[in-house]
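Worksheet: the structure to be examined is printed underneath.
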Amino acid sequence: MTAKRYTVDDSIKESQSQKRENRQFYVTFILMLVLTALSFVAVASEKIPSGFTIPFILLIAFILLVLQVVIFMHLNDKNTEFPTLFFFSGFFIAIITIATLMLLIWW
Amino acid sequence: MQSDQTGVLPPHPEKATLEGRNKILGLWFFIASDVVLFASLMGTHLALRGSTQGAPGPQELFHLEYVALMTFILLTSSMTSLLGIKAMQRYQFKQMQTWFWLTVLLGLSFLGLEIYEFYQFVIYHGLGFETNAFASSFYTLLGFHGAHVTFGILWVVTLLIRSRSQGITTYTAPKFYLFSLYWHFVDVVWVFVFTLVYLMGKVG
């Protein structure tokens, strides 16, 4: 890591990719705002049946999770195999835990 | 990026040292375990939320506009902490400080709203921690999330005060980066809290 020197060329390339990345962050943020609003509207509206609302808000929550983790927490960077593994094993165990607790207490 | 054609400042100061990279890996390890903590509390609440024993339940208690406001505040604070990191990677210390102080402000308003909401539940609806299983599991889950927000605010304020005269170095950068990862995670948890607790509670 220490041996590499950053030249002017690298710096220009870096700032171009920065700009692209920044636009991606703003687009993600707006998308997240819209999805969150949709989720609230679906529940607040009387006309939408609850059979549709529940899967719909769960899907939105999952999309928000992926956007937040992959874009905002930089899992789309290079060398992030371990964080990805940690996060998704955590998520996997979370689903099992929730399912288990609900089944245990309900039955 | 400032005049760093000499090659002194790396473009990713948070990952430039082994210590920094190890810290990031360590925080992800912590997040994986924290996911399980919240999953346990969430699972317990989902299973017990019907046990209201005649006291007001989710449908009477929750006000969607109020929760929506809290959600947008926390989502925006997640964005400001990200912009703080972006400013850090451009070595703009003043900008970075502004974005993080904004994050603190938004975090505090979120906490204020949450405390006010609890106050309403306790005073106007008489829903204490021990009233019923719904209340106990609700306050525990939301309380743990609120504690995470409180800890995050204390964390970043400490960092901001400590690094005031140091600026952005390969020593201070990982610290801010870790905070922003943690803060995004707190927001992810809130996504599931508002969906599974508030919205699903309202739908029934």
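Letters go in sequence order (proteins before strands), and every chain restarts at 1.
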d(A/Leu33 CG, B/Thr76 OG1) to nearest 0.5 Å is 6.0 Å
Under 4.5 Å to a heavy atom of chain B? For A/Phe88 that would be neither
If one checks every heavy atom of B/Phe194 against chain A at 4.5 Å, the contacting part turns out to be side chain
Most contact-rich option vs chain B, by heavy-atom pairs under 4.5 angstrom, among A/Ile96, A/Ile98, A/Ile60, is A/Ile98
Applying a strict 4.5 Å limit to non-hydrogen atoms, the region of A/Thr53 in contact with chain B is side chain
task: May I ask you to check whether B/Trp190 and B/Thr71 show a side-chain donor-acceptor distance below 3.5 Å?
output: yes
Cut-off 4.5 Å, heavy atoms of chain A, and the answer for B/Leu27 is neither
So, the part of A/Leu75 with a heavy atom under 4.5 Å from chain B: the answer is side chain
Heaviest contributor of heavy-atom pairs below 4.5 Å to chain A, chosen from B/Ser33, B/Gly43, B/Gly50, is B/Gly43
Most contact-rich option vs chain B, by heavy-atom pairs under 4.5 angstrom, among A/Ser39, A/Ala94, A/Pro83, is A/Pro83
Ranked by heavy-atom pairs below 4.5 Å to chain A, first place among B/Leu181, B/Leu75, B/Val191, B/Val188 goes to B/Leu75
Check your understanding: Without hydrogens or angle criteria, can the side chains of B/His12 and B/Glu14 be said to hold a donor-acceptor pair below 3.5 Å?
Key -> yes
When the 4.5 angstrom heavy-atom criterion is applied to B/Phe29 and chain A, the contacting part is both
Task: Validation row: B/Val193, B/Met42 side chains within 4.5 angstrom (heavy atoms) - done: yes
Assert top hit (heavy-atom pairs under 4.5 Å, partner chain B, pool A/Phe82, A/Phe87, A/Tyr26, A/Phe25) equals A/Phe25
Under 4.5 Å to a heavy atom of chain B? For A/Leu64 that would be side chain
So, the part of B/Ile31 with a heavy atom under 4.5 Å from chain A: the answer is side chain
Rounded to the nearest 0.5 Å, the CZ atom of B/Phe121 sits from the OH atom of B/Tyr116 at a distance of 11.5 Å
- Query: Using 30° and 60° as the class limits, which term best fits the ring planes of B/Phe138 and B/His45: parallel, tilted or perpendicular?
  - Reply: tilted
So, the part of A/Ala42 with a heavy atom under 4.5 Å from chain B: the answer is neither
Under a 3.5 Å threshold, yes or no: a donor from one side chain and an acceptor from the other, between B/Trp183 and B/Ser77? yes
If one checks every heavy atom of A/Ile93 against chain B at 4.5 Å, the contacting part turns out to be side chain
If you tally heavy-atom pairs under 4.5 Å between each of B/Val36, B/Leu25, B/Thr17 and chain A, the highest tally belongs to B/Leu25
- Is the B/His148 ring parallel, tilted or perpendicular to the B/Tyr182 ring (thresholds 30°, 60°)? parallel
Max heavy-atom pairs within cutoff under 4.5 Å with chain A, candidates B/Ala39, B/Ser81, B/Ser78, B/Ser180, goes to B/Ala39
Check the angle between the aromatic planes of B/Phe179 and B/Phe100 and answer parallel, tilted or perpendicular using the 30° and 60° thresholds.
perpendicular
Highest number of heavy-atom pairs under 4.5 Å with chain A among B/Leu199, B/Val203, B/Leu196, B/Leu37 belongs to B/Leu199
- Query: Any side-chain donor-acceptor pair under 3.5 Å between B/Thr44 and B/Ser137?
  - Reply: no
Ring centres under 6.0 angstrom apart (B/Tyr177, A/His74)
yes
